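Worksheet: the structure to be examined is printed underneath.
By convention in this document, chain letters (A, B, ...) are assigned in the order of the sequence lines, proteins followed by strands, and residues within each chain are numbered from 1. Every value quoted in this text rests on a predicted model; they were computed, and no experiment measured them.
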Protein chains: 2
Amino acid sequence: MPLHAPAATTAASARELIAAQGGRVTRTRVAVIEALQRSAHPLSHDELGAVLDGADIAHDRVTLYRALDWLVEQGIAQRIAGGERAWRFEIRRGDDHRHAHFHCERCGQIVCLEDVPTASAPHLPAGFELERAELVLHGACADCGRAAAKGSAR
Amino acid sequence: MPLHAPAATTAASARELIAAQGGRVTRTRVAVIEALQRSAHPLSHDELGAVLDGADIAHDRVTLYRALDWLVEQGIAQRIAGGERAWRFEIRRGDDHRHAHFHCERCGQIVCLEDVPTASAPHLPAGFELERAELVLHGACADCGRAAAKGSAR
DNA sequence: ACATCTAATGCTACAATGTTGCATCAAATC
DNA sequence: GATTTGATGCAACATTGTAGCATTAGATGT
Ligand SMILES: [Mn+2]
Ligand SMILES: [Mn+2]
Ligand SMILES: [Zn+2]
Ligand SMILES: [Zn+2]
């Protein structure tokens, strides 16, 4: 543990994040936050469910939905609409939450593009108020692109 | 009917669009295309269903889904993921199909932002291939913003 | 106009994703 | 430890989209 302030690392513990919003620190919320923090990619409700199965206690689908809803309401996590019909979730860290995402249409994975900003200052019609922008790029990820290049015949 | 080539107007008739792809010109497809062409906003499957009810014949949910799928496959229409959990559809016209969309989180409407481009040339990780970009801005539309400004209570 | 061929349709049944109501439990506070 | 209230678990439901298969109707040839 560093004695100097960790410069905007992933550091904030699940407990801290939850307590800071005046919410109850429950096993579900802690487990969800930690799973999201460990994951390299945004996770769908379903993928999260699978992760939590491995963990401590058994969890209900609905409880998981509600935990995720709460995290998003509090600004701890954010929802990504991207690829298929299910939401993906990721923890918001510092200011880097305005990044784009890449959706691979071959393997279905969503990748964070940390250094691609969503939208700077789009010109909106009069009276429109922008709250949030979502940029999703669709195509083939490196792995899937390579695979297609090699075995050409299916 | 102009004798000179109409400079990329909305002109193309449903028949023409369908026949150009070698598809069968059915009442469903024609009605769907015309409904989309008439609409100022991209329409969800459900909204389209409502419009078609008013029209000629009764239509099955599944048929509508399949007609829309076909239109997208052929590049006649395009899907927008935007707001809620349902796809929206709009006719692709000329080159202006790379525009952003605005999702009003109050009234749920999706508005085309014809002059906001989606993404110019984002820097992607090595090996990634971009096929399509989707930019959705979330917030309050002019009507909903105004409404909120007036009646502050509630 | 009629026969023929096949794509498109209309059912039914199903899958996937998310929501609502309500009784019970447990995290926080005293 | 008792109390309070937010979080959970369960059952039932809603919405959105798919799959299989028999029937219909758009295109084509005569
Ligand atoms: Mn991300
Ligand atoms: Mn549009
Ligand atoms: Zn991939
Ligand atoms: Zn609105």
Side-chain angles (χ1 to χ4, degrees), chain A residues 13-33 42-50 52-53 55-74 76-89 103 105 108 110, chain B residues 13-33 42-50 52-53 55-74 76-89 103 105 108 110:
Chain A
S13 77
R15 296 201 71 87
E16 288 166 351
L17 288 171
I18 299 171
Q21 303 299 322
R24 289 193 181 172
V25 179
T26 70
R27 280 174 302 174
T28 307
R29 286 176 183 169
V30 171
V32 168
I33 291 177
L43 296 177
S44 68
H45 162 274
D46 202 46
E47 292 167 334
L48 260 171
L52 294 201
D53 272 355
D56 37 3
I57 31 167
H59 281 293
D60 180 52
R61 267 165 30 84
V62 181
T63 301
L64 181 47
Y65 276 116
R66 288 198 271 229
L68 287 168
D69 285 349
W70 186 85
L71 292 178
V72 171
E73 276 169 26
Q74 305 305 315
I76 296 174
Q78 65 184 346
R79 227 186 287 268
I80 300 159
E84 316 300 346
R85 316 189 24 258
W87 300 115
R88 302 284 181 126
F89 299 86
H103 172 228
E105 304 203 329
I110 300 266
Chain B
S13 77
R15 295 200 71 87
E16 288 166 350
L17 288 171
I18 299 170
Q21 303 299 322
R24 288 193 182 172
V25 179
T26 69
R27 281 174 301 174
T28 308
R29 286 177 183 169
V30 171
V32 168
I33 291 177
L43 296 177
S44 68
H45 163 273
D46 202 46
E47 291 167 334
L48 260 171
L52 295 200
D53 272 355
D56 37 5
I57 32 167
H59 281 294
D60 178 53
R61 267 167 29 86
V62 180
T63 301
L64 181 47
Y65 275 116
R66 289 198 271 231
L68 287 168
D69 286 348
W70 186 84
L71 292 178
V72 171
E73 275 169 27
Q74 305 305 315
I76 296 174
Q78 64 185 346
R79 229 185 284 267
I80 300 158
E84 315 301 344
R85 315 187 28 258
W87 300 114
R88 302 286 182 125
F89 298 87
H103 172 228
E105 304 204 329
I110 299 266

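- Taking atom CD of residue B:Gln74 and atom C1' of nucleotide C:dA8, one finds them 13 Å apart after rounding to whole Å.
- Minimum interatomic distance between B:Ile110 and B:Pro42 (heavy atoms only, all atoms of both residues): O-CD, 3.5 Å.
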Summary of protein contacts for nucleotides 13-19 of chain C, nucleotide by nucleotide, where a base hit scores B, a sugar-phosphate-only hit scores S (4.0 Å, heavy atoms): ----BBB

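- As a whole-Å value, the separation of A:Leu64 CG from C:dT20 C1' is 17 Å.
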Validation: residues 76-85 of chain B side-chain donor-acceptor distances under 3.5 Å, sequence neighbours left out:
| residue | atom | partner | partner atom | Å |
| --- | --- | --- | --- | --- |
| B:Gln78 | NE2 | B:Glu90 | OE2 | 2.8 |
| B:Glu84 | OE2 | B:His103 | NE2 | 3.3 |

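- Residues B:Val72 and B:Leu68 have side chains not in contact (no heavy-atom distance under 4.5 Å, counting atoms from C-beta outward).
- For the pair A:Arg29 (side chain) and A:Ala67 (backbone), a donor-acceptor distance under 3.5 Å is absent.
- Between the side chain of B:Arg66 and the base of D:dG17 there is no donor-acceptor pair of N/O atoms closer than 3.5 Å.
- In terms of phosphate contacts, A:Thr28 brings a side-chain nitrogen or oxygen within less than 4.0 Å of OP1 or OP2 of D:dT8.
- Summarising the geometry of A:Thr28 relative to A:His59, their closest heavy-atom pair is OG1-CE1, 2.9 Å, with the distance given to 0.1 Å.
- Rotation axes derived from the C1' atoms of the five outermost pairs at either end of the helix from C:dA1-D:dT30 to C:dC30-D:dG1 lie 40° apart, to the nearest 10°.
- One finds a side-chain N or O of A:Arg29 lying less than 4.0 angstrom from the OP1 or OP2 phosphate oxygen of D:dA7.
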Let me have a per-nucleotide readout for nucleotides 23-30 of chain C, 5' to 3', with B, S or -, counting only protein heavy atoms under 4.0 Å. ---BBS--

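- Rounding to whole angstrom units, CG of residue B:Leu52 and P of C:dA8 are separated by 17 Å.
- Look at CG on B:Asp60: it is 16 Å from P on D:dT23, rounded to the nearest Å.
- Considering only residues two or more places apart in sequence or on other chains, B:Glu73 meets the side chain to side chain donor-acceptor pair (under 3.5 Å) condition with none of them.
- We find the NE2-CG distance between A:His45 and A:Leu48 to be 8.0 Å, quoted to the nearest 0.5 Å.
- Put simply, CD on B:Gln21 is 17 Å from C1' on D:dG26, counting in whole angstrom units.
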The test is side chain to side chain contact (heavy atoms under 4.5 Å, CB included); show your working for B:Arg15 and B:Val25 and say whether it passes. CA-CA 6 Å; B:Arg15 295 200 71 87; B:Val25 179; 3.7 Å; yes

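- In this structure, B:Arg88 atom CZ and D:dT16 atom C1' are separated by 13 Å, rounded to whole Å.
- Atom CD1 in A:Ile33 sits 4.0 Å away from atom CD1 in A:Ile18 (nearest 0.5 Å).
- The CZ atom of A:Arg88 sits 9.5 Å away from the CG atom of A:Asp46 when rounded to the nearest 0.5 Å.
- Scanning for side chain to side chain donor-acceptor pair (under 3.5 Å) contacts around B:Thr63 gives an empty result, with sequence neighbours left out.
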